[in-house]
Amino acid sequence: MDIIICRDADEVGRVAAATVARIAEAVGPAVVLGVATGSSPLGLYQELARMVEAGELDLSEASAFALDEYVGLPEGHPESYAAVIQRTVTEPLKLDPARVHVPNGFDADPQQAALDYEEAIEDAGGVDVQILGIGSNGHIGFNEPASSLSSRTRLKTLTKRTREDNARFFDSIDQVPLHCLTQGLGTILDAGAAVLVAQGEGKADAVAAMVEGPLSASCPGSVLQLHRRATIVVDEAAASKLRNQGFYRWINDNRPAWQREIRGA
Ligand code: GLP
């Protein structure tokens with residue numbers, strides 16, 4: 001894992017976007033992005049959008065696969081992840097909507113929709129770079145604690161804590177769905193690269209457990225310890241409970257020139 005500790009949330013967005021853009025450029029115009037919802041990657045998306053607007057990055061031939069979707073919302077609900085991805089990713093990054101995929105949480109048969117989603121990712125040649133946030137309980141996508149470390153896209157039940165965390169997007173917690181479709185941890189591990197962003201003290205415990213805790217289904221994010229190319233970009237507050245902070249900073253301060261360039265630093 002490559003741990004990058006940034007001064008603040010703005011720098012997290014810039015560094016993470018530079019990392020994603022470098023990978024996208026290396027893969028080529030038909031890059032397959034894995035995209036996450038939530039507040040954490042918004043700065044990253046804004047910076048990618050700026051690059052697209054400035055002509056520094058062209059994603060017009062790219063595809064995207066979202067990590068997850070609620071099950072139980074009416075189709076077209078503004079907080080459905082299909083709608084959130086359209087607002088925060090597809091439009092600002094000028095992606096072709098026909099190539100942006102979200103698990104179909106409105107399908108009468110969500111289990112089948114999950115299987116179809118895995119097939120669609122495979123047909124696209126797999127995700128090249130997966131953008132991730134982390135839940136305060138360590139979840140990635142909607143893989144809650146006790147998720148199988150080799151799981152694939154499937155129907156899951158949300159924890160009380162995740163529903164409380166996400167209640168801010170709804171009028172009340174009762175409106176937050178109980179169920180979801182989410183890419184599995186095994187699906188996420190198959191991505192060519194993973195870039196996870198986290199900001200704020202509320203994520204400090206989850207970040208510490210993910211990076212320095214045991215590999216455990218109790219902290220689903222810890223599965224990234226198995227990923228061969230995972231970059232974790234956090235601000236000071238989210239990094240505050242990492243025991244080896246000094247070492248991660250020292251690595252960053254002493255990167256060989258070629259790696260500094262890759263970081264966009
Ligand atoms: C949500 C999403 C995750 C996201 C996480 C953190 O429920 N399913 O993909 O990473 O929770 O969200 P936020 O970035 O808003 O803290």
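All of these numbers come straight from a predicted model, not from anything done at the bench. When a ligand or atom number is given, it counts from 1 through the structure's own listing order.
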- prompt: Which residue supplies the protein heavy atom nearest to atom 5 (C) of ligand 1, what is that atom called, and how far is it?
  reply: His139 NE2, 3.5 Å

query: Looking only at atom types and distance, does a side-chain atom of Gln183 sit under 3.5 Å from a main-chain N or O of Ala66, one as donor and one as acceptor?
result: yes

task: Between Arg168 and ligand 1, find which residue part has any heavy-atom pair under 4.0 Å and reply side chain, backbone, both or neither.
output: side chain

- request: For Ile134, take its heavy atoms, then give the atoms of ligand 1 lying under 4.0 Å from any of them.
  value: 6 (C), 10 (O)

message: For Arg168 and Ser39, which I'm curious about, is there any donor-acceptor pair between the side chains at under 3.5 Å?
response: yes

query: N/O to N/O below 3.5 Å, does that happen between Thr162 and ligand 1?
result: no

query: To which of Gly133, Gly38, Gly141, Ala198 does the heavy atom nearest atom 9 (O) of ligand 1 belong?
result: Gly141

- prompt: Backbone, side chain, both or neither: what part of Asp68 comes under 4.0 angstrom of ligand 1, heavy atoms only?
  reply: side chain

- line: shortest atom 4 (C) of ligand 1-to-protein heavy-atom contact is with Thr37 O, 4.0 Å

statement: among protein heavy atoms, the one nearest atom 16 (O) of ligand 1 is Lys203 NZ, 2.6 Å

- request: State the atoms of ligand 1, each with its element, that fall below the 4.0 Å cut-off from a heavy-atom position in Ser40.
  value: 13 (P), 14 (O), 16 (O)

message: Looking at every heavy atom in both Leu44 and Ala17, which two are closest together, and how far apart are they?
response: O-CB, 3.7 Å

- prompt: Looking just at side-chain N and O atoms, do Asp165 and Ser136 make a donor-acceptor pair shorter than 3.5 Å?
  reply: yes

field: Presence of salt bridge, Arg22 and Glu25, under 4.0 angstrom
entry: no

query: In terms of atom number and element, which parts of ligand 1 are under 4.0 angstrom from non-hydrogen atoms of Tyr81?
result: 1 (C), 2 (C), 7 (O), 8 (N)

task: Assign the ring pair Tyr70 / Phe142 to parallel, tilted or perpendicular, where the plane angle (0 to 90°) is split at 30° and 60°.
output: tilted

- prompt: CZ of Arg99 to OG of Ser63: how many Å apart, nearest 0.5 Å?
  reply: 5.5 Å

